[in-house]
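Okay, structure first, notes after.
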Amino acid sequence: MSILANKDTRVVIQGGQAGVNAARRMAEFCYLIKRPLNVEAFVYPPDAGKSNEIPYGSGLIAIPVYKSIAEATKHHPTLNTSLVYIGADRAMKGGMEALDDSHIKVVSMITEGVPEKDAKILGAHARKLGKVFNGPSSIGIISAGACRLGVIGGAFDNLVLSKLYREGSFGVITKSGGLSNEIIWICSQFADGITTAIGIGGDAYPGTDYVSYLEMFENDPQTKAVVIVGEMGGDLEERAAEWYGAKKRRVKLIAVVSGFCQESLPKGMKFGHAGAKEGMKGEGSARSKSDALKKAGALVPPTFGALGPAIKETYQDLLKSGQVKEPVEPAMLPRLPKTVEEAMKADEVMVSPLIRTTISDDRGDEPCYDGYPASELINKGYEIPHVIGLLWDKRLISKQEAEIIKRIMMLSADHGPCVSGAYATILAACAGIGLSQSVAAGMIMIGPRFGGAVTDAGRFFKYAVDSKMSVDEFLAYMKKNHGPVPGIGHRVKSLRNPDKRVKELVGYVKSLNIKTPCLDFALEVEKITSVKKDNLILNVDGTMAAVLVDIGFPVDSLNGFFILSRTIGLIGHWVDQKRQDSRLIRLFDYLVNYAAPKRREVPPLK
Ligand code: Q5B
């Protein structure tokens, strides 16, 4: 047996993420005691209609979220308990909503900072309805082997250490959430553990006091003794003493009251709990409460350290009198499955990686590119071309190579609005499409004819150089096997209208006096093709390709240089259209050659 929370307790949690966290803890307990999850519903209007996924063992259970308690109990008529995890300003409304629902018999509120007048109203309303309102500021309620409401009991390992998987003989009532776990643990180490432990909360006006719960424990045959942990302030302990001394009680009462330090401390000091206020003329002091409890016949150990032995003494008496028997511990307890991360940390599993990376690692405090911390690169004067070198070719390129890349990128960042890529981005921007999609539209244009000839140009020039082909052999080979030479030819640039970008890049690279076999070969190709037709010049793709192969970049990375630099231009075009609030573009009829058949009569359907 247990009080308040038992195997039939079905819970609705009112609140958002904090409530979900509590449900996770509750699921861990349910898993430990091998019972289904006792949380059936959440009430959280912003997420109504969705569900919260709660881990249970190695699986996940989807718990529906409703907009009101009425809706939750309509769908889950077995609900009988509500846990309130709502902010202090709305807690009263939520608590009232739960109390007013005929299905709900127990409401436990974790919310801290609830106005005292609200707490009083909630407590009085619950009493009027014959229901239990526990809290505010309650850590929760736990009945060993049966039910956990809230996070009381702590982490999974603590639940096991505190033997909460099976019933003991001691009831626990505390104001302090932290101490509740400690007392539960003491009961499990010095005796046979607990029946039910309740955190009533440390507020000045808790909804339920020691006496209400002492009455319940008195009527619970499994509970043989009750440990209460009080503190200075208020009169709950005095009322407990009155109750205990009023007549012979079945349960033994063990009590400690904290706050004796108050006698040595300056007057007017603040203590942790809202209810822990100094009493006048010794009233409400730890000493007067302890004296009252002692007088009423409770076992009051002189210090907190003496609590364990006092519990042990009581337990031994219970054993001797045959009221309790030594519990039989289960041979095996469920173990909470570890997450993959936890198991890996403990060296318990080896997971085959899904992907392999050789270029970067972000697991520290900053990204490392090929092992070099980004901030260190910055502070030692490296620039974007060096990052490209590290991420695309896994090498720290030289200053000279970086300068070449910088120039390539500056020269190819944009080529006006009429080229395929920019035009596509502009069309998309004018159609109201967002930045990334509009840039992607322009990006899609980068291919064998526009901007995306860099890789193939590099591949074929390199092939010709490596194979020591003559230009004629190369052109014959290309014509026979592949068609137009990538990197050769331009729509508007020609011998008569040279591409200044190409001249600039070739001039710079040549001025460095470095070996440029691919570039030299490409220029030889241009000499032949441009004779055939004056627009068959070495174009910007071809020049970039030859230079980048010459400085050692892998062929497969080469289109990346055009993609990267042209992205700068595409973004510019999108922003430009946005800034101008441009209208949707519709092609003019006069720009279309309507070469389709003239209008004609549709023949009868055969
Ligand atoms: N013919 C670029 O062609 C273009 C030939 C060729 C041998 C060739 C064409 C081509 C290779 C791909 C390439 C990158 C499609 C260009 C860039 C960035 C840009 C763009 C900008 C920027 C142009 C007419 C005659 C035909 C063809 C022959 C053509 N190319 N022969 N090798 N490579 N090049 N692309 O003018 O006898 O009359 O039948 O595919 O490198 O994209 O600014 O605009 O920064 O944004 O449309 O610079 O050259 O000529 O295809 O009608 O051909 O020339 O066989 O001969 P066109 P086509 P024939 S840079």
Side-chain angles (χ1 to χ4, degrees), residues 405-428 438-464 469-506 518-519 521-549 555 558-574 576 593:
I405 290 173
K406 187 184 93 185
R407 286 171 185 242
I408 285 176
M409 295 192 60
M410 289 175 77
L411 290 169
S412 56
D414 191 45
H415 210 214
C418 304
V419 303
S420 321
Y423 183 52
T425 293
I426 290 169
L427 272 178
S438 297
V439 169
M443 221 32 93
I444 286 167
M445 298 302 132
I446 298 178
R449 295 181 188 168
F450 164 73
V454 194
T455 290
D456 278 345
R459 189 186 324 281
F460 288 123
F461 290 147
K462 183 171 181 332
Y463 175 69
M469 281 179 175
S470 69
V471 172
D472 286 344
E473 283 167 344
F474 174 67
L475 288 174
Y477 163 79
M478 290 303 291
K479 192 168 181 181
K480 183 168 171 229
N481 299 294
H482 301 287
V485 180
I488 295 288
H490 199 275
R491 203 61 204 271
V492 294
K493 298 294 176 190
S494 64
L495 287 180
R496 280 171 292 117
N497 174 26
D499 192 336
K500 180 81 195 293
R501 300 172 298 174
V502 172
K503 301 285 161 220
E504 172 66 34
L505 190 56
V506 172
C518 267
L519 180 60
F521 185 79
L523 290 167
E524 290 304 313
V525 172
E526 180 189 41
K527 279 187 193 155
I528 306 294
T529 52
S530 60
V531 170
K532 185 184 165 196
K533 233 179 144 209
D534 79 345
N535 74 325
L536 294 185
I537 53 166
L538 179 64
N539 63 34
V540 74
D541 287 26
T543 316
M544 284 165 68
V547 171
L548 288 163
V549 169
V555 159
L558 301 187
N559 276 341
F561 286 88
F562 190 90
I563 292 169
L564 180 62
S565 60
R566 193 51 59 95
T567 302
I568 300 172
L570 299 183
I571 292 171
H573 286 293
W574 185 87
D576 183 40
N593 173 4

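Both counts, for ligands and for their atoms, begin at 1 and track the order of listing.
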Original post:
What part of Lys533, side chain from CB on, backbone N/CA/C/O, both or neither, has a heavy atom under 4.0 Å from ligand 1?
Top reply: side chain
Original post:
Under 3.5 Å, is there a donor-acceptor pair linking the side chains of Trp574 and Ser438?
Top reply: yes
Original post:
CG of Leu475 to CD of Glu473: how many Å apart, nearest 0.5 Å?
Top reply: 10.5 Å
Subject >> Nearest-0.5 Å distance that lies between atom NZ in Lys493 and atom CG in Leu538 >> reply: 14.0 Å
Subject >> Neighbour count >12 (heavy atoms, 6.0 Å) for atom OH, Tyr477 >> reply: yes
Subject >> Min heavy-atom dist Arg566 to ligand 1 below 4.0 Å >> reply: yes
**OP:** Give a yes or no on whether the backbone of Met445 and the side-chain of Ser420 come within a donor-acceptor separation of less than 3.5 Å.
**Re:** no
Subject >> Contact check, Ser412 vs ligand 1, heavy-atom distance below 4.0 Å >> reply: no
Original post:
Would you say Lys479 touches ligand 1, if touching means a heavy atom closer than 4.0 Å?
Top reply: no
Subject >> Which of the ligand 1 atoms, numbered from 1, are nearer than 4.0 Å to a heavy atom of Gly489 >> reply: 2 (C), 16 (C), 49 (O)
**OP:** Please confirm whether Gly487 comes within less than 3.5 Å of ligand 1 when only nitrogen or oxygen atoms on both sides are compared.
**Re:** yes
**OP:** Using modelled atom types only, decide if a donor and an acceptor are shared between the side chain of Arg501 and the backbone of Val540 within a distance under 3.5 Å.
**Re:** no
**OP:** Identify, for atom 55 (O) of ligand 1, the protein heavy atom at the shortest distance, and state residue, atom and that distance.
**Re:** Lys532 NZ, 5.0 Å
Original post:
Any idea which protein heavy atom is nearest atom 21 (C) of ligand 1, and the distance to it?
Top reply: His490 NE2, 3.1 Å
Subject >> salt_bridge(Glu524, Lys527) N-O dist < 4.0 Å >> reply: yes
Original post:
Of the protein's non-hydrogen atoms, which lies at the shortest distance from atom 45 (O) of ligand 1, and what is that distance?
Top reply: Arg501 NH1, 2.7 Å
**OP:** Kindly indicate whether atom 13 (C) of ligand 1 is approached by any protein heavy atom to under 4.0 angstrom.
**Re:** yes
Original post:
Any idea which atoms of ligand 1 are less than 4.0 Å away from a heavy-atom of Leu536?
Top reply: 1 (N), 5 (C), 6 (C), 29 (C), 30 (N), 31 (N), 54 (O)
**OP:** Quick one: pull up CG in Asp541 and CG in Leu558 and give me the separation to the nearest 0.5 Å.
**Re:** 10.5 Å
**OP:** Number the atoms of ligand 1 from 1 as they appear, then name those within less than 4.0 Å of a heavy atom of Arg449, with their elements.
**Re:** 14 (C), 16 (C), 35 (N), 42 (O)
Original post:
Counting only heavy atoms on the protein side, is anything nearer than 4.0 Å to atom 39 (O) of ligand 1?
Top reply: no
Subject >> atom 16 (C) of ligand 1: nearest protein contact (heavy atom, Å) >> reply: Asn539 ND2, 3.3 Å
Original post:
To the nearest 0.1 Å, how far is atom 34 (N) of ligand 1 from its closest protein heavy atom, and which atom is that?
Top reply: Ile488 O, 2.9 Å
Original post:
In terms of ring plane angle, is the pair Phe562 and Phe450 parallel, tilted or perpendicular, where the classes change at 30° and 60°?
Top reply: perpendicular
Subject >> Whether Asn535 lies under 4.0 Å from ligand 1, heavy atom >> reply: yes
Original post:
How does Pro484 reach ligand 1, by side chain, by backbone, by both or by neither, if only non-hydrogen atoms under 4.0 Å count?
Top reply: both
Subject >> Any non-hydrogen protein atom less than 4.0 Å away from atom 42 (O) of ligand 1 >> reply: yes
Subject >> Nearest heavy-atom neighbours spanning Ala545 and Gly458 >> reply: CB-N, 3.4 Å
Original post:
Parallel under 30°, tilted from 30 to 60°, perpendicular over 60°: which one fits the rings of Phe461 and Phe474?
Top reply: tilted
**OP:** State, to 0.1 Å, how close Pro486 and Met478 come at their nearest heavy-atom pair, and which atoms those are.
**Re:** CD-CE, 3.6 Å
Subject >> Closer than 4.0 Å: a protein non-hydrogen atom to atom 51 (O) of ligand 1 >> reply: no
Original post:
Considering distance alone, does some N or O of Asp541 sit under 3.5 Å from an N or O of ligand 1?
Top reply: no
Subject >> atom 48 (O) of ligand 1 touched by protein heavy atom at under 4.0 Å >> reply: yes
Subject >> For atom 8 (C) of ligand 1, the option (of Val419, Val485, Leu411, Val492) bearing the nearest heavy atom >> reply: Val485
Original post:
What atoms in ligand 1 come closer than 4.0 Å to a heavy atom of Pro448?
Top reply: 12 (C), 13 (C), 35 (N)
**OP:** Mark whether atom 2 (C) of ligand 1 lies under 4.0 angstrom from at least one protein heavy atom.
**Re:** yes
Original post:
side-chain hydrogen bond (donor to acceptor under 3.5 Å, both in side chains) between His482 and Asp456: does it pass, once the steps are laid out?
Top reply: CA-CA 11 Å; His482 301 287; Asp456 278 345; over 6 Å; no
Original post:
When you check the side-chain N and O atoms of Asn497 and His490, is any donor under 3.5 Å from an acceptor?
Top reply: no
Original post:
Could any protein non-hydrogen atom be found less than 4.0 Å from atom 58 (P) of ligand 1?
Top reply: no
**OP:** Would you mind reporting whether Val549 and Val555 have side-chain heavy atoms less than 4.5 Å apart?
**Re:** yes
Subject >> Heavy atom of Gly451, distance to ligand 1 below 4.0 Å >> reply: yes
